[in-house]
Engineer: 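Here it is, the structure in full.
Please read all numbers here as calculations on a predicted model, not as lab measurements. In what follows, chains are A, B, ... by sequence order, proteins preceding strands, each numbered from 1. Only this structure's heavy atoms are used, side chains among them; waters, hydrogens and symmetry mates stay out.
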Number of protein chains: 2
Amino acid sequence: MIQPSVKLKAETRRKLKTERKREAILRSAAAAFAQKGYYGTSMEDIAERLLMTKGSLYYYFKDKEEILFACHDYSLNLVLDNLEQVEAMDAPTDEKLACLTAAHVDVMLDALQGSAMALDFSALSEPLLKKIIAKRDRFERGLRSLIKRGTDEGIFRTVDAKLAVFMLLGAINWIAKWYRAGGSYDAKAIGKAYADIFVSALKSGKRFEFEIPDFIGQRNGQDSTYPFAP
Amino acid sequence: MIQPSVKLKAETRRKLKTERKREAILRSAAAAFAQKGYYGTSMEDIAERLLMTKGSLYYYFKDKEEILFACHDYSLNLVLDNLEQVEAMDAPTDEKLACLTAAHVDVMLDALQGSAMALDFSALSEPLLKKIIAKRDRFERGLRSLIKRGTDEGIFRTVDAKLAVFMLLGAINWIAKWYRAGGSYDAKAIGKAYADIFVSALKSGKRFEFEIPDFIGQRNGQDSTYPFAP
DNA sequence: ACAATAATTGACTAATCGTTCAAAATAATA
DNA sequence: TATTATTTTGAACGATTAGTCAATTATTGT
């Protein structure tokens, strides 16, 4: 009396369970990384929150680095998914940009507790680092092209797209540093506020010009190299 | 033949030398912290760049934490100084805000290699942490009040000043993550671009309103707690 | 040149951490 | 229940690290 359907179900159930546990580990790790950084987080820290022992982690992941990689990979996939969803929208470019901004804030805060934040990039070694950087670049290019398209269409003014993207993503990545779940702001409120500021800057008619005052950059001791400047 | 002036000069020279060395250590540490984080940086890392041994560091600083504290304190002093300088300027509020932004970028990149970045706040213990947070809050309050003043004067539109400040400072703090000295952008270019975007957003006539699309926030697995959600 | 002070060293420590693994516990299957 | 496959454990390892300190070297003042 072979019951392939039942047997299959049991197997998939197992696989699913393992998959869920992997994700739980990622969430725990991401939260810890965001708080104390990659090197400041011990495998025991990660395990403790899940009522596991650190030995068990090695059943699910090869080593600590693979956990960090999986965190990045997981949230970058969501972020690239956002890009696709937004581009599929039937909406003007400014609205698309606003939605992508809000979506990015959402991933950063809800999906893996700002894992992309704990971006101790230096902690990943060559092969893994390359993969992550490739994905991140794909997203950044998509975002830049959205901005450029807006400029071409005449709804955005001309800006240095690279710097603008760095500014926006930096602002969003930093949220994980001050955000506390249950605090005054939720992901939607932050997303709306950030998108508003960024998009309305691009929609504003003209550059804000100003002179950089003298007191900047002429400070004490920059040159006082002691054996040498690092 | 007592020569108080000479003796005094020699003494001050010594003090000065020690002070310089302390600063050199801070710069080395700040660079390392920015690259690999507080916990990822060893005392030997800090010493090595200065052709010292780690033992010597303890002649200048009590422990690693004090170095981190000094980094924060040093750059926060500069940042508070910026605030004063800008407030002393004879210029309209929008220009003041732009200058403060550019000045902040400058401190972040030139003064201590983005040390405020390595903001492993969690690495500081209570008494030191309190001092740093107090100073940082003083700066943030000053920045918020600048924005509010602009709104009162009618040159800025109404925004959530707290979120706006978080956004601006986050964007600036993040620069240290991608900035490379000698690269395409210098502190002035970045400062001008960031100030332009931020200020022109505040000067833009009206909010950019949009609806948050459905695909945001309804993603897979948020709920799949495995023993529990972290 | 000599004494006194300041600065540096390098070996040592106690603790922590990432990783391994054989054994034990748990769950699934027949 | 007996057998097998899956998962967890906890002890043990080698490596690294922050911090200490007595001894050494460099600098300064007389």
Side-chain angles (χ1 to χ4, degrees), chain A residues 1-25 28-29 32-33 36-69 120 123-125 226-227, chain B residues 1-25 28-29 32-33 36-70 120 123-125 128 226-227:
Chain A
M1 236 68 79
I2 298 160
Q3 289 158 319
S5 67
V6 170
K7 185 164 184 238
L8 190 71
K9 214 173 149 200
E11 256 182 38
T12 29
R13 243 178 63 99
R14 250 192 325 103
K15 295 253 179 203
L16 215 88
K17 204 175 153 187
T18 302
E19 191 47 42
R20 289 240 186 112
K21 193 132 196 180
R22 272 179 66 99
E23 283 184 21
I25 292 172
S28 171
F33 290 159
K36 318 227 339 167
Y38 177 75
Y39 294 107
T41 301
S42 70
M43 293 296 273
E44 229 164 331
D45 288 339
I46 299 172
E48 218 166 34
R49 297 165 185 247
L50 301 169
L51 308 180
M52 298 168 69
T53 56
K54 66 174 173 172
S56 314
L57 297 179
Y58 291 86
Y59 184 76
Y60 295 93
F61 294 94
K62 186 173 140 282
D63 54 21
K64 194 180 173 188
E65 189 187 0
E66 198 184 272
I67 296 181
L68 178 63
F69 172 79
D120 277 319
L124 289 174
S125 48
Y226 202 72
Chain B
M1 237 73 70
I2 296 164
Q3 291 159 319
S5 68
V6 171
K7 181 162 189 244
L8 190 69
K9 216 176 150 198
E11 253 181 41
T12 29
R13 245 178 62 97
R14 254 194 320 107
K15 295 255 180 205
L16 216 87
K17 206 174 153 188
T18 303
E19 192 46 44
R20 288 240 188 112
K21 194 130 196 180
R22 272 179 65 99
E23 283 183 22
I25 292 172
S28 172
F33 290 159
K36 318 224 345 165
Y38 178 75
Y39 295 107
T41 301
S42 70
M43 294 296 274
E44 231 164 327
D45 287 339
I46 299 172
E48 218 166 34
R49 299 165 183 247
L50 301 170
L51 308 180
M52 300 168 68
T53 57
K54 69 170 176 176
S56 314
L57 297 180
Y58 291 88
Y59 183 77
Y60 296 92
F61 294 95
K62 187 173 138 281
D63 54 21
K64 195 179 172 188
E65 189 186 0
E66 197 184 273
I67 296 181
L68 178 63
F69 172 78
D120 277 320
L124 289 174
S125 49
L128 298 183
Y226 203 75

Engineer: Heavy atoms only: give me the nearest A/Leu50-A/Ile25 pair and the separation to one decimal.
Structural biologist: CD1-CA, 3.6 Å
Engineer: Using every non-hydrogen atom in the two residues, find where B/Ala123 and B/Tyr39 come nearest and quote the distance to one decimal.
Structural biologist: CA-OH, 3.6 Å
Engineer: Taking only side-chain nitrogens and oxygens of B/Thr18, does any of them come within less than 4.0 Å of OP1 or OP2 of C/dA6?
Structural biologist: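 No, no such contact exists.
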Engineer: Just to verify, what does B/Ala70 make a side chain to side chain contact (heavy atoms under 4.5 Å, CB included) with, not counting sequence neighbours?
Structural biologist: B/Leu26, B/Phe61
Engineer: To the nearest Å, give me how far apart CG (B/Leu57) and P (D/dC21) are.
Structural biologist: 17 Å
Engineer: Got a donor-acceptor contact below 3.5 angstrom from the A/Thr41 side chain to the A/Ala32 backbone?
Structural biologist: yes
Engineer: What is the distance from atom NZ of A/Lys21 to atom OG of A/Ser28, rounded to the nearest 0.5 Å?
Structural biologist: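 Here the rounded value is 11.5 Å.
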Engineer: Check every strand shown and say whether B/Tyr60 touches a base, only sugar-phosphate, or nothing at a heavy-atom separation below 4.0 Å.
Structural biologist: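 Sugar-phosphate, backbone atoms only, no base.
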Engineer: Roughly how far, to the nearest 0.5 Å, is the CD1 atom of B/Ile46 from the CD1 atom of B/Ile67?
Structural biologist: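 Going from the CD1 atom of B/Ile67 to the CD1 atom of B/Ile46 covers 4.5 Å.
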Engineer: Locate the shortest heavy-atom distance separating A/Gly40 from A/Asp45; write the atom from each residue and the value.
Structural biologist: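 Taking every non-hydrogen atom into account, O-OD2, 3.9 Å.
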Engineer: Considering the terminal five base pairs at each end of the helix from C/dA1-D/dT30 to C/dA30-D/dT1, what angle separates the two local helix axes, rounded to 10°?
Structural biologist: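 Computed angle between terminal axes is 20°.
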Engineer: For D/dT8, take OP1 and OP2 only and decide whether either is under 4.0 Å from a side-chain N or O of A/Lys21.
Structural biologist: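 Answer yes for this pair, as a side-chain N or O of A/Lys21 is under 4.0 Å from OP1 or OP2.
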Engineer: Answer yes or no: does a side-chain N or O of A/Thr53 lie under 4.0 Å from OP1 or OP2 of D/dT8?
Structural biologist: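 So the side-chain polar atoms of A/Thr53 never come under 4.0 Å of the phosphate oxygens OP1 or OP2 of D/dT8.
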Engineer: Write out all pairs satisfying side chain to side chain donor-acceptor pair (under 3.5 Å) with one or both partners inside residues 59-68 of chain B, taking only residues at least two apart or from two chains.
Structural biologist: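 Those involving residues 59-68 of chain B are B/Glu65-B/Ser125.
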Engineer: Which residues satisfy the side chain to side chain contact (heavy atoms under 4.5 Å, CB included) test with A/Ser56, sequence neighbours excluded?
Structural biologist: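 A/Ser56 satisfies side chain to side chain contact (heavy atoms under 4.5 Å, CB included) with A/Met52, A/Thr53 only.
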Engineer: Within this structure, what is the CD1-to-C1' distance between B/Ile46 and D/dG19, rounded to whole angstrom?
Structural biologist: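 These atoms are roughly 13 Å apart.
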Engineer: Measure all distances between protein nitrogen or oxygen atoms and nitrogen or oxygen atoms of nucleotides 15-18 of chain C, and list the pairs falling under 3.5 Å.
Structural biologist:
unit_1 : atom_1 : unit_2  : atom_2 : d
C/dG18 : OP1    : A/Thr41 : O      : 3.1
C/dG18 : OP1    : A/Lys64 : NZ     : 2.6
C/dG18 : OP2    : A/Met43 : N      : 2.7
C/dG18 : N7     : A/Lys54 : NZ     : 3.0

Engineer: Take the protein atom CE of B/Met52 and the nucleotide atom C1' of D/dA26, then report the distance between them rounded to whole Å.
Structural biologist: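 Atom CE in B/Met52 sits about 14 Å away from atom C1' in D/dA26.
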Engineer: What is the separation between atom CZ on B/Phe61 and atom C1' on D/dA18, rounded to the nearest whole Å?
Structural biologist: 16 Å
Engineer: Report yes if a side-chain nitrogen or oxygen of B/Tyr59 is closer than 4.0 Å to either non-bridging phosphate oxygen (OP1 or OP2) of C/dA7; otherwise report no.
Structural biologist: yes
